[in-house]
Amino acid sequence: SQTIHQWPATLVQPVGSPLSLECTVEGTSNPNLYWYRQAAGRGLQLLFYSVGIGQISSEVPQNLSASRPQDRQFILSSKKLLLSDSGFYLCAQGRAYEQYFGPGTRLTVT
Amino acid sequence: DAKTTQPTSMDCAEGRAANLPCNHSTISGNEYVYWYRQIHSQGPQYIIHGLKNNETNEMASLIITEDRKSSTLILPHATLRDTAVYYCIVPRPRNYGQNFVFGPGTRLSVLP
């Protein structure tokens, strides 16, 4: 069965600092990978998706970026965090009809 | 993606059936209806999906109207652990798989 790991689980960062969140997937090969963000009390917003190594598509303009250096590794980054980047970040993997989500990283930008 | 409309919140007594409605009047013929739920501070969990026939699995049943413009998720015997936000989603198929757009969902509170 597939497993999705995300770390760290929680993170508190000052405004203007860099960010790197990592997601790794086990139990599947060549997965479609996704980064979502959920602001407090809101639904999930798709940020990035990837269909393969080095292939990244962005759904919304922002100061975040994503990379996929390996088949089962997906990284979310920022050079300078904004207060509005606070939220719950979820990595997901999916094929065809379903998506499976990781445990998430709760980011607070202060 | 087809727009979905769900009630903001619902209560259900423990042990009773929870019926969560969803309207998706602009759904296209090849679009599936998906249901996910999110327990507080966890990632969303897949529940069930269907196209036009009613579906049942170990978690829930999905009833889709004949015109496919609405559906109902049924939790037959709700427990306190079913308290969560439930999302009804109709993603547009894309060549990379599904693009799931999660709205605010329905906050289900199962009461003792």
Side-chain angles (χ1 to χ4, degrees), chain A residues 1-7 9-11 21 23 25 28 30-60 66 68 74 87-108, chain B residues 1-9 20 22 24 27 30-53 55 57-60 62 64 84-109:
Chain A
S1 64
Q2 56 241 332
T3 303
I4 302 175
H5 300 281
Q6 287 188 246
W7 62 89
T10 60
L11 189 60
L21 302 181
C23 168
V25 180
T28 185
N30 195 27
N32 295 331
L33 296 176
Y34 307 81
W35 276 113
Y36 288 85
R37 177 171 61 198
Q38 186 176 34
R42 309 280 295 275
L44 274 70
Q45 178 187 35
L46 178 64
L47 301 175
F48 299 95
Y49 65 88
S50 171
V51 300
I53 296 174
Q55 301 178 63
I56 309 294
S57 295
S58 174
E59 285 289 309
V60 293
R68 187 169 176 176
F74 205 22
F88 191 41
Y89 288 82
L90 289 152
C91 177
Q93 71 92 7
R95 279 283 190 88
Y97 299 115
E98 299 173 27
Q99 287 189 8
Y100 298 92
F101 289 79
T105 294
R106 188 163 301 281
L107 171 67
T108 302
Chain B
D1 296 353
K3 179 179 170 58
T4 61
T5 305
Q6 299 177 252
T8 303
S9 63
L20 293 93
C22 179
H24 31 78
I27 193 170
N30 63 342
E31 292 178 332
Y32 283 72
V33 181
Y34 288 76
W35 284 84
Y36 280 74
R37 73 179 182 184
Q38 187 175 21
I39 296 170
H40 183 63
S41 295
Q42 298 182 22
Q45 177 190 23
Y46 165 80
I47 301 173
I48 199 168
H49 74 283
L51 183 62
K52 53 183 175 181
N53 297 322
E55 303 288 344
N57 62 20
E58 65 278 4
M59 290 183 68
L62 175 61
I64 302 175
V85 178
Y86 287 77
Y87 299 98
C88 169
I89 306 164
V90 180
R92 180 176 302 160
R94 289 177 168 79
N95 57 3
Y96 59 86
Q98 305 293 348
N99 177 4
F100 289 84
V101 178
F102 289 75
T106 295
R107 184 172 298 278
L108 175 68
S109 298

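Order of the sequence lines fixes the chain letters, A, B, ..., with proteins taken first and strands second; residue numbering starts at 1 for each chain.
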Looking only at heavy atoms, what is the nearest atom pair of Gln38(A) and Tyr87(B), with distance? NE2-OH, 3.2 Å

Testing the basics here: between Tyr36(B) and Gln99(A), what is the closest heavy-atom pair and its distance to 0.1 Å? OH-N, 2.8 Å

Using every non-hydrogen atom in the two residues, find where Gly43(B) and Leu90(A) come nearest and quote the distance to one decimal. CA-CD2, 3.5 Å

For Gln45(A), is it the side chain, the backbone, both, or neither that has a heavy atom closer than 4.5 Å to a heavy atom of chain B? neither

Step through the shown structure and confirm whether more than 12 heavy atoms of other residues, nucleotides or ligands are within 6.0 Å of CZ on Arg106(A). yes

Is Gln38(B) in contact with chain A via its backbone, its side chain, both, or neither, using a 4.5 Å heavy-atom distance? side chain

